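Working notes, beginning with the structure itself.
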Amino acid sequence: YFVSELQEGTESDVTLDQIELVAKKIMVLSKWSTELPEDALVQLGDIITAEIANCFAQKEDDCYFNGDGTSSYGSITGWKSALLAGSKVTSPTGVTTLADMTNGLFEEAIGKLPLFPGMQPKWYMHHSTWANVCQRLAMAAGGNVVDNFVNGVPQRSFMGYPVEIVQVLAGGGPGTDLSGETVAYFGDM
């Protein structure tokens, strides 16, 4: 608050929300026969390690984006439940498939995101949303280049912002009913 030159200030106290961290583990249990490691221990170890890493990444993404605070998500509340409507693209009434989606749905998400210094927002969406919506809209607008190239490597972008593919988000083929589903997020993690 403002004070005049001769006025004394009054004390202010900061109030913080109570936040609790309960550490939980994600676990994978795998069985194999006693004969298998005798023949291909190193190769088997590589295969199982890669599969476990993929499973962990899939579960972490699912909790981060779709978590609803229940035990299925390790009590994690993800973006789907925590963010306000402006940070996500949700299929409104009457828009049931990816083919029905327009630029306006995505422009609205960009317009509602408050920009702060240093922010680097991105789109987060399923690959089918990228392929069936973003590429279609970019091509229809005359943008015959749907990828940007950085050092010769294609980089996905839409409406001037990078796109990250997140396979745990709602998506599907052109005829998939996505009524009320969140198909993309826009923000800076």
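Since the structure is predicted, the reported quantities are computational estimates derived from the model, not experimental observations.
One hydrophobic cluster, built from ILVMFWY side chains closer than 4.5 Å, holds both V163 and L113. Taken together through direct or relayed side-chain contacts under 4.5 Å among Ile, Leu, Val, Met, Phe, Trp and Tyr, W79 and I76 form parts of separate hydrophobic clusters. Cluster annotation: V42 is not connected to I48 through the hydrophobic network of ILVMFWY side chains, with a link wherever side-chain heavy atoms come within less than 4.5 Å. Under a hydrophobic-cluster definition in which Ile, Leu, Val, Met, Phe, Trp and Tyr are linked whenever side-chain heavy atoms come within less than 4.5 Å, directly or via other members, F56 and Y73 are assigned to different clusters. Residues I47 and V28 do not share a hydrophobic cluster, clusters being chains of Ile/Leu/Val/Met/Phe/Trp/Tyr side chains in contact below 4.5 Å.
The list of ring pair (Phe, Tyr, Trp, His ring centres under 6.0 Å) pairs with a residue in residues 88-112, not counting sequence neighbours, reads F106-W123, F106-F158.
Atom OG of residue S81 and atom CG of residue N66 lie 8.5 Å apart, to the nearest 0.5 angstrom. T129 contributes atom OG1, which lies 6.5 Å from atom CE of M101 (distance to the nearest 0.5 angstrom).
Looking only at distances, no side-chain donor or acceptor of R136 sits under 3.5 Å from a matching main-chain atom of W130. Within the 3.5 Å criterion, the main-chain N or O of P162 finds no donor-acceptor partner in the side chain of S157. Put simply, the side chain of N132 gets close to the backbone of S128: a donor and an acceptor are under 3.5 Å apart. The backbone N or O of K122 sits nowhere less than 3.5 Å from a side-chain atom of E164 that would complete a donor-acceptor pair.
With contacts defined as side-chain heavy-atom distances shorter than 4.5 Å, the pair L178/L98 qualifies. Residues M125 and V133 are not in side-chain contact: their nearest non-hydrogen atoms beyond the backbone lie 4.5 Å or more apart. Residues V166 and H126 have side chains not in contact (no heavy-atom distance under 4.5 Å, counting atoms from C-beta outward). Residues M27 and L29 are in side-chain contact: their nearest non-hydrogen atoms beyond the backbone lie under 4.5 Å apart. The shortest distance between side-chain heavy atoms of R156 and H127 falls below 4.5 Å. A heavy-atom distance below 4.5 Å is found between the side chains of M159 and N103. Using a 4.5 Å heavy-atom threshold, the side chains of D13 and E11 count as touching. Residues K24 and S75 have side chains in contact (heavy-atom distance under 4.5 Å, counting atoms from C-beta outward).
Between V3 and G9, the closest heavy-atom pair is CG1-CA, 4.4 Å.
For the residue pair T49/D46, the side-chain donor-acceptor check at 3.5 Å is not satisfied.
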Only distances under 3.5 Å count here; give the side-chain donor-acceptor pairs of residues 179-189 to other protein atoms, sequence neighbours excluded, each with its distance to 0.1 Å.
| residue | atom | partner | partner atom | Å |
| --- | --- | --- | --- | --- |
| S179 | OG | D177 | OD1 | 2.6 |
| T182 | OG1 | T90 | OG1 | 3.2 |
| Y185 | OH | K80 | N | 3.3 |
| D188 | OD2 | Q120 | N | 2.8 |

